[in-house]
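Fair warning: this is a prediction, and the values are worked out from it, not measured in the lab. Counting from 1, the numbers follow the sequence of the chain as shown.
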Amino acid sequence: MGQKLLIRDLTMRDGQQSSFATRMTQEQIDRILPFYKSANFYAIEVWGGAVPDSVMRYLNENPWDRLEKVKAVVGDVSKLTALSRGRNLFGYAPYTDEIIEGFCRNSIESGLGIMRIFDALNDVNNVKATIKYIKKYNGIADCAVCYTIDPKYPKIGFFDKLKGKKNPAPIFTNEYFLDKAKQMEALGADMITIKDMSGLIPPSKIAELISLFKKNLSIPIDFHTHCTPGYGLGAVLMAILKGVDIVDTNIWNFAGGTGAPAIELIYIFCKKLGVELDVNMEAVAEINKELYGIRKELEAFDATKQFPNPFNPLTDNLPENIDKEFDKAIAAAKAQDETALLAACNAIDTYFNFPAANELVKNAEVPGGMYSNMVAQLKQLNSIEILETAMELIPTVRLAAGLPPLVTPTSQIVGAQAVNCALDVKAGNPMYTNVSNQFVNMVKGEYGKTPFPIDPEFRLKIAGVREETPYDTSKNQMQPNPELEAAGGEKLASNEKEILLLELFPQVAKSFLTKQKVSAYEATHKATSEAAVVVNEEVLSVKPITNNTLKTPLPGTILRILVKPGDVVSKDQTLFILEAMKMENNITADSAGTVKSILVEAGVSVHVNTPVIEFEA
C-alpha cells in the first residue's frame, strides 16, 4: 500500500490569525462553509488560539456560535479542531479541573472533534487534565510538543571564564522532544503534533525528528510549521518523505509568509511522489475564490498585503523551469541536501509571489509575532531606538527565567520583559526594576516546571520566594456574575457556556456579554435606551484634575483599580493593574498619600501618561 497523507486545514483559525489579526467575521466564514463540506479535509482548525477572544473583542460575536455554525454545515465530513494551552486553556493562568472539564465537555457538545493541547513550558503535567476530559467526552487528544531552540548566548568574558562561568549545555535536543512525546503518549494522547510555531525548524531537523518519532511512537504524527523564516515548504516536503501522517496547510490566498504552506503546493509534491492526498481540490479551488474577496475585505489587517499569483493546480500548467524546481526540491530532500532544497523552494515561492523569508526573524530565531509585539510596544513608548538592545537581551532574560520555549504565552512574557529590561538600562536603572505579573508568576513556578532550573536567588529577587511554588488552584475564585440592571436584572452570564467565557476572558467577556444582554433587553424595552445613554455620558465625562496624579507608564487597558477615594496609601503600594501587550503590570504609588478621586474605570483603554488616580493636595 502506498503512502497516504492527511491534511489539517488551518485557514479559518491559524491562517487568519497569523496573517489577518483573526478578523474573519461569521458572515465571511459562512460564505466558504458549503465548499468545505465537499473538500474532504481530514480536519479543519476553526477554533481556539485567538479566535474566541477576537470574535468577542472585535466582532461582537459569540465564540460558541462560531464552532456550532461550522459544525452545522460541515457535519462529520471533517473533524473540527481547536488549539488550547493545556491547564491554561485560552488564558494566562492555570484553571481548576472543574473549569477544564466544563470547557472540554461544552466544546465537544458544540461540535469539536480534536483538541490540540500544548503547554508553553512543555511541562507534560500541564496537559494531563485536558487529555483526561477530552477523552472522557469522546474527543481526540492531539498533544503538541513545542519546538524551540537553545538561545544564542552572549559571549562569556575572559574574567568570567576564569571564575568558571559557562553557558548551559544544549537543552532542546532530539531526545528532549522525543521524551516529551513519549510521556504524552503514555498519558493517552491519540496523536502527537510537532508544533513549530515560529517556523524555525529546518528540513534537516524535521527529518531527524519525524524519523525518531515514527520509530519510537505508535500513534500518528502531525507536523505544524510556518513560512516566516523561509523553511516552511521545504520542511513539510521533508516531513512527507520521512513518513509524517498529517501536515497542516492553508489554502492559497491565506498561505505562505507568516502562515503555513499552501495545500496547492503540497498537492503538486504529492502527485510527483505518488503520495495519496484524499482532498477534493476542486472544492479547495472554490474556497480559494471566496478567500480572494475576503482577503480584500480584510485589507486593513493584512500583515503583508502581498497576494500570491493566481493558481489552480487542476487547471493551470506550470512553466517548465518551475516544474523543474519541484523536481529539484524532491531530489535535494532525498539527498539530504538542505541548501539545494531551500533554494528550490525559495524559487517556487518567488515565482508564485509568496512573501520572501523574513531574515530578521530567521537570524534572531524568535517568533515573528514576538518580534512584532516588541516593535509595537516600543513604538507606543516612543522608544523604538532601543529595539536592538531589547533583542540582544532576550537570551539573558530567557535563561534567567528557566529557558521557556518561545510560544504563547511565554514568548510574550519573555519579549515584554526584555523590553522592560531595555527600558531599565536606558533609564540607568538595574534590570528587572519593572516586571510584569506574568513574568513574576512564571519565575515563581505558577506556570509549571521550566526546562532549566531557575536560580533560587533570582526567584527570590523577582517573586519573593526561593523555592519553586506551583499555582494553587484551590484558591481560585470564580469571576463575579452580577445581575445587570440595564438588562432588566438578567445575570451577566446566564448559562454554563457564558460562565466559561467569563472565566477564560474576564474583561472581554464581561464587555461582550453586557452588550449582548443590554441590547436584547433594549430591543423589547425601548424606553430604557435614553436612560442608558445618559448613564454612559456620565461615565465618560471628564473630571477636573487639580492635584498630583498617578499616570499610566504604558498604553493598555485598566484591568482593576484597587483603591477608592479616601484611601490612605503608602509608597510602593499597588494601586491599579494595567494590561499592556497582554501582560499585567502592577502600578504602584510613587509616594504616600490620600486618594482624592478615580479618573477612569476598569476596562477602559488608555494611552501612555493617562491620569488614573488623583491624590489630595
Side-chain angles (χ1 to χ4, degrees), residues 5 8 10 14 18 83 116 118 120 122 142-152 170-181 191-214 216-217 221-250 255-262 265-266 269 329 332-333 336-346 349 357-371 398 403-408 410-411 451:
L5 181 69
R8 184 191 312 240
L10 307 176
D14 191 56
S18 295
L83 178 72
R116 174 172 284 170
F118 77 95
N122 278 331
D142 169 18
C143 293
V145 179
C146 295
Y147 178 79
T148 190
I149 57 178
D150 293 279
K152 293 178 179 176
I171 298 290
F172 303 110
T173 62
N174 290 350
E175 291 70 27
Y176 166 89
F177 296 118
L178 176 62
D179 177 62
K180 298 296 180 182
M191 65 175 70
I192 294 290
T193 291
I194 299 173
K195 178 177 166 59
D196 178 25
M197 54 282 165
S198 308
L200 293 176
I201 192 164
S204 56
K205 177 59 70 170
I206 196 62
E208 296 171 359
L209 287 177
I210 295 294
S211 299
L212 195 62
F213 279 33
K214 293 294 291 183
N216 290 279
L217 303 174
I221 309 300
D222 189 317
F223 179 42
H224 172 96
T225 192
H226 291 248
C227 296
T228 319
Y231 297 138
L233 184 59
V236 169
L237 172 58
M238 184 65 84
I240 294 170
L241 287 171
K242 295 299 179 181
V244 73
D245 300 286
I246 311 162
V247 295
D248 293 6
T249 63
N250 287 328
T258 50
L265 299 181
I266 303 307
F269 278 126
Q336 304 287 316
D337 186 345
E338 183 169 272
T339 300
L341 169 57
L342 293 176
C345 289
N346 177 63
D349 283 337
N358 186 320
E359 292 297 324
L360 193 150
V361 171
K362 180 178 178 180
N363 295 331
E365 297 181 334
V366 300
M370 177 181 177
Y371 172 74
R398 190 179 171 204
L403 289 182
L406 296 180
V407 60
T408 304
T410 52
S411 57

Distance from [X] atom [atom1] to [Y] atom [atom2], nearest 0.5 Å?
| X | Y | atom1 | atom2 | result |
| --- | --- | --- | --- | --- |
| F269 | L233 | CZ | CG | 5.0 Å |
| T173 | I149 | OG1 | CD1 | 13.5 Å |
| C146 | I194 | SG | CD1 | 11.5 Å |
| L406 | L200 | CG | CG | 8.5 Å |
| D142 | K195 | CG | NZ | 10.0 Å |
| F213 | I206 | CZ | CD1 | 8.0 Å |

Measuring only between side-chain heavy atoms, which start at C-beta, is [X] closer than 4.5 Å to [Y]?
| X | Y | result |
| --- | --- | --- |
| T148 | L403 | no |
| D150 | F172 | yes |
| P404 | R398 | yes |
| I266 | L5 | yes |
| Y231 | T225 | no |

Would you please say whether a donor-acceptor pair under 3.5 Å links the side chains of N122 and Y176? yes
Can you see which heavy atom on [X] is nearest to which on [Y], and at what distance?
| X | Y | result |
| --- | --- | --- |
| G199 | P229 | O-CG, 3.1 Å |
| A260 | C227 | C-SG, 3.8 Å |
| A181 | L217 | CB-CD1, 3.8 Å |
| S18 | G259 | CB-CA, 4.1 Å |
| P405 | A120 | CD-O, 3.2 Å |
| G230 | A357 | CA-CB, 3.7 Å |

Which residues pass the side-chain contact (heavy atoms from CB on, under 4.5 Å) test with [X], sequence neighbours left out?
| X | result |
| --- | --- |
| A332 | D337, A340, L341 |
| N216 | L178, L212 |
| A255 | N250, A262, F354 |
| N358 | T228, L360, V361 |

Taking side chain to side chain donor-acceptor pair (under 3.5 Å) as the test, write out the residues that go with D349, two or more places apart. none
List the residues meeting side chain to side chain donor-acceptor pair (under 3.5 Å) with T258, not counting sequence neighbours, and say none if there are none. S19
Tell me, please, which residues at least two apart from K205 pass salt bridge (charged side-chain N to carboxylate O under 4.0 Å, His left out). E208
N/O donor to acceptor pairs below 3.5 angstrom from side-chain atoms of residues 236-248, sequence neighbours left out:
| unit_1 | atom_1 | unit_2 | atom_2 | d |
| --- | --- | --- | --- | --- |
| D245 | OD1 | K214 | NZ | 3.2 |
| D245 | OD2 | K214 | NZ | 3.0 |
| D245 | OD2 | I221 | N | 2.8 |
| D248 | OD1 | R8 | NE | 3.4 |
| D248 | OD2 | R116 | NH1 | 2.8 |
| D248 | OD2 | R116 | NH2 | 3.1 |
| D248 | OD2 | H224 | ND1 | 2.9 |

Non-neighbouring partners of Y147 that pass ring pair (Phe, Tyr, Trp, His ring centres under 6.0 Å), sequence neighbours left out: F177
